[in-house]
Structures are given as C-alpha cells and as structure tokens.
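Take a look at the structure set out below.
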Amino acid sequence: MSAISVQNLSKSFRIKKQTPGFSGTLKSFFKPDWQDVTALDNISFSIERGERVAFIGPNGAGKSTTIKILSGILNPSQGEVNVAGLTPWEERQRLSYEIGTVFGQRSQLWYHLPARDSFTLLASAYGLDKDTYASRLSQLTDAFDIADLLDKPVRQMSLGQRMRCEVVASFLHKPAILFLDEPTVGLDVSAKSVIRDLVYETSIEDGTTILLTSHDTGDMERVCDRVILIDEGQIVIDAPVSKLRSSYISRKIITLHMSVSDISFEMQGVEIAEKAPHKMVLNVDTSQQNVSTVIEKALLLASMRDISIEDPPMEDVLRSIYKNGQG
Amino acid sequence: MFCALFIKMVRDNPQKMKSDYLKKLYVLYVFAKTSFDDHMGHRLRLFFRFVMCVFFMFVFIEFWRLIARENFIDLPFPIDDVCWYACLTQMMLFLSPRLFISIDQDVRSGDISYLLIRPISYIAMRVSEGIGAMSANALLYYTAGIACVGFYIGDLPSTGWVGLGTALLFLYLGSILHLMYQAISGITALWLQQAEAFYRIYQKILIVLGGLYMPIPLYPDWLYTLSKFTPVYVMMYGPAQFVLGWDNGESSAEILGLLLFWFAVTIFLLGWFYRACVSRLEVNGG
C-alpha cells in the first residue's frame, strides 16, 4: 500500500471581489461578489513508503494547499486522499501520530522557553514514554548537533539553529511521513546545506517518506529522488529528479580555460555566456549542435588548459519548464 | 497526593495508562504546566500587569468610599465589603490571559497549521495553556494582591476568611469559564480572520451584566434578572458576592450548581462552534 495516495483532488477557495472606489465598497457591503479560485484542479499521484518526493512549482501553484490537505488542515472540495491508510481531514488526530510537519516560516517551539521544554511537551502529546523519549532525543541531539541548544531559550537562537530544533521536534515521535513546506526558506547557504543533509540522513535511517515543497532546487536535488512539478493547480511533470535534466533540457554549459588570452568563437546554436581573459563560457543548444563538435572547434582555435562540461543549474531547468509550460 | 502519583505514573509510562481520557487529561496538564512556567518566566510582564490591577483596585476603593461618604446611594452592604467586591471583580478581569489574541495570532500567522495536527484538540490545548498562565497570575494576585487590598481597606470583608476564600475559589473557576468564552471569541478568527470584534461585544456584556463596577443587586430588577440568566453571572458577581455581608446572597451550592450548568453548556457550545469554524478554515500564507 502507498504511503500517500491522491485521486482527483480539487480545492477551490471563495474570495470576495471588490471594485475600487467608494461605490465599489458600498456595493460590496450590500451585495458581495464572490469568485471561486481553483487552487488544485483534479490532481492524482501516489507516493510509496520511504520515497522522498519534491513538490515544486511557482508561487500560487498549489503546493502548500496540497500539503495542508494531506496533513488534514484543509478540507478538499473534491477527491480522495489516503495518507498512512487514513483520510486526513476526517481522522486528523489519528493521523498526527503518523506524520510530522516542518513549515519553514512557522514555529512549533515555545518562544521564551528552552527547546528541551518544547520537546518534552511534544513527547507528552505523542504519548512517548520516558525511556523512549530520552533515547530518541539523545539520538536526534547527536544527529542534528543541538546539544548546546537544548537549554537555550528559542528566542535567543539564530534562524538556522531554530530550524534544526524545529526539524528535531518534527522527527521526535518518529513519523512515518514527513511534510516539509519550504524548510530552508530564509537560511544561509551553510545552514541550508546542514538541514538538507540532516533531513536526508535521518529519513534514510528511519525509512521516513518525505514530501517536500521548496523554491530552492538545492533542497530538491539533495533530499529527493522524485519530483512532481505543479503549476496552476495541475501536475505538469512527475519524474525522477535525475531524469528531469536529461528529459527537459537541451542545453549544456562548456567552460573553456584557454592558454591564449582570447579567441573568436562563432557557431550555430552556441552562445557565449561569459568571457574573460583565458576563460570563455559557452551555452550550447544540444538540439542544434553536438557538444563534441563544439569542443573540436575550440581545440582547433587554441590549446586548452582545461575544459568542463556541465548541465545548466536546476533553476534554469525549472525556469525553462515554467516558461514553456511543457509537460 | 493522588494527583501527584497520577501525574508521575503517566509521565513515566504513558503507554500503561489504559484510559485515553486520562492520557489526554495528562497531556492537557503538561500544556498547562508549560504555560505556567512560560508565564512565570515573564517576570516584568507579570509584575506590570499586577501593578496595573492594584492601581485599578485602589481607584475603585476610593470611588466607592466617595459614594458612601456623599450618600449617593443607599448601600445594602457595608462599604468595606463593597470595596472588597470591586477589587475581586477587577482582579477577575486581570487574572485571565488574553487567550482570544493567542488564537487570533495563530490564525493570522498561520501557526495554526502546526497546532491543528497534534494528537490533542487545538482548542483544549489553548484553554489548558490559558489555565496555566492564569494559575501563575493567581499565585501573585491571591497572595500579594489580597495583601495589598487588605492593607488598603484596613480590614477583612465582613464574611471573614471563609467568605474571602470561597470567593477566590469560585473566582478561579469562573475565570476558567471566562477563558472558554475567550476561546469562542478567538475561534471566530478561523471564520472572520479576526477575533477582536466578537470579543469586544462579549467583554461589554461581561462588564455590565457581570457586575464589574457595582454589585448587580444595585441594578434595576429587570437587569438583575437578565444577568442571572447569563454565564457572566457566575464568572464575576457570583464568586465576588461571597464577600458581601448580606442575607440575600447565593449559597456556595447554588453558585457551584450554576457553574457546572454553564460549564456543560459552554463546553458543548465551544466544541460545536470549533468544529464549524475549523471546517471553514483557510490557512494564511500559501
């Protein structure tokens, strides 16, 4: 049985439309004009136990709405959802033992109390006995390196430290499924990297199913194996992360480190992305030009100290997918 | 003793506790205790709120002394008792934390996303936290606050320590009921996106029909009767009237009976309203 199964899920919100100006305000007061906005439009997918899936898309695509329905916070307009064998919005309390959540800009820790107090509180809420709680906390304290933070009031922690504690709080009751909604938002590069690695390693160790939403492609690449791309409430792509590059990009980036200072390079399907003394970055459209042909031509023009061939950054891949709206 | 043993047993091994109801009760106790610790940690906030309360109590004592001195109304109670009454009703307002604001902020900030998916009812958790914070306040108000009032008035109420003790006990219970009505006001934020409007209406009813400014037997008969049919009667006047030395007061059994009745009605109302509002919830922030 899948950890998460979603069938024909739709969600609409009713919002009040108001025309500007005093007359619009009066009209809206006496006869409000309501408009239905579709956040999710008939989406279906399933996630197997232990899978780590990134749920990505532009702002307003429906990512957070999906997570909130899956975790039982919102009721859908229609569709069937099964999370750990339960219908989330009908069995919210039973489901809470099976899931954990990390919402990047929210906090589940008591602001003025040490993190340990919040952990103890959550352990009681989830019915962990004293020994289980002690061993679980010790395990997570080591894994997330928060021994120094346990007795520090949350208000005195940096965002990165707080997020580590937030993730520990979510892992404390050993959930079978973890929902992460933009867990690294606002963090610096090193804090992001720490959170990603820790989530990945802990999920491998515990066999946790992960559903992650993020605008940061690093989260997706480091933590997840599969990506579901959603746009305007519909699933656009559902593929392994590794295939996303090969299937949806027809570009390569070639960096040339030349022994001469400069060369003149012109070729169909090749753009010069960056030029500096002894260095040139080429953006190659592989549907028009082979990478090997480009390198052969470059070698004819000058001897090279080094050549590197890279895929474009994942941001560019996604930008191109959003822009073309392709599936 | 029994409570302490129960708490230790559940804390050490919650799995052994067979009754789900008792397990949940223990979890609510932990939330209340954490809130108590958190509230006690805010010493300055606790102190300034207490100073404000004492200031208002002194203002009301002087206000009633002036009324008695100038014979504005014919008081059926000793003036010192009315001063004690005014101080206790004032204390009741300051005793409870502003729970409706916490709920309103949870909705506005979207933190409710976290709180709704815990294995414990969100609203029961918030009320428990309110009781924890209120208990921290009570510790200060029932000791230093009562000492200040006693010192300023110069005597105990005519009902003595028994009357005062009974009043304080019922005031605590009435304040729990008040927390529940604050929770109902707070829940409106799930629907209307703000709780302030509903709470203001409730607060006016509490102040007027609860008898904040004067004992309600001084009201016109129709208003006194109307007050008796509302829950605010047992939150404010009901408890505080135990310091009024007169023969027409309600007995402890009557107030307890009314409190239990209103607790039952309010818990039902709170549960129904919560379920109705939560189904309409739209969480802020994506």
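Lettering of chains follows the sequences in order, A, B, ..., and the numbering in each one begins at 1.
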Checklist entry - Any chance NZ of B:K33 has more than 12 other-residue heavy atoms, nucleotides or ligands included, within less than 6.0 Å? => result no
Next on the checklist: With a sphere of 6.0 Å drawn around CZ of B:R45, does it hold more than 12 non-hydrogen atoms of other residues, nucleotides or ligands?
Outcome noted: yes
Checklist entry - Which atoms of A:E91 come close to chain B, meaning under 4.5 Å heavy atom to heavy atom: side chain ones, backbone ones, both, or neither? => result neither
Item to check | Shortest non-hydrogen separation from A:A125 to B:P119 and the atoms involved | outcome: O-CG, 3.2 Å
Item to check | Segment of A:Y97 engaging chain B (4.5 angstrom heavy-atom cut-off) | outcome: side chain
Next on the checklist: Quick check on the interface: out of B:L115, B:L28, B:V30, B:D37, who has the most heavy-atom pairs with chain A under 4.5 Å?
Outcome noted: B:V30
Next on the checklist: Just so I know, are the side chains of B:Y29 and A:S124 near enough to count as touching, which here means a heavy-atom distance under 4.5 Å?
Outcome noted: no
Next on the checklist: On a heavy-atom basis, which atom in A:Y126 and which in B:I117 lie closest, and how many Å separate them?
Outcome noted: OH-O, 3.8 Å
Item to check | A:E80, CD atom: more than 12 neighbouring heavy atoms under 6.0 Å | outcome: no
Item to check | A:R94, CZ atom: more than 12 neighbouring heavy atoms under 6.0 Å | outcome: no
Checklist entry - For chain B, which of A:T120, A:L122, A:I67, A:T101 has the most heavy-atom pairs under 4.5 Å? => result A:T101
Next on the checklist: Using side-chain heavy atoms (C-beta onward) and a distance below 4.5 Å, is B:E129 in contact with A:W110?
Outcome noted: yes
Item to check | Check: A:Q93 and B:R118 side chains under 4.5 Å, non-hydrogen atoms | outcome: no
Next on the checklist: Taking side chain as everything from C-beta outward and backbone as N, CA, C, O, which of these in A:S71 sits under 4.5 Å from a heavy atom of chain B? Side chain, backbone, both or neither.
Outcome noted: both
Checklist entry - How long is the span from the CG atom in B:D106 to the CZ atom in A:R106, to the nearest 0.5 Å? => result 11.0 Å
Item to check | Straight-line distance of A:L121 CG to B:M125 CE, nearest 0.5 Å | outcome: 8.5 Å
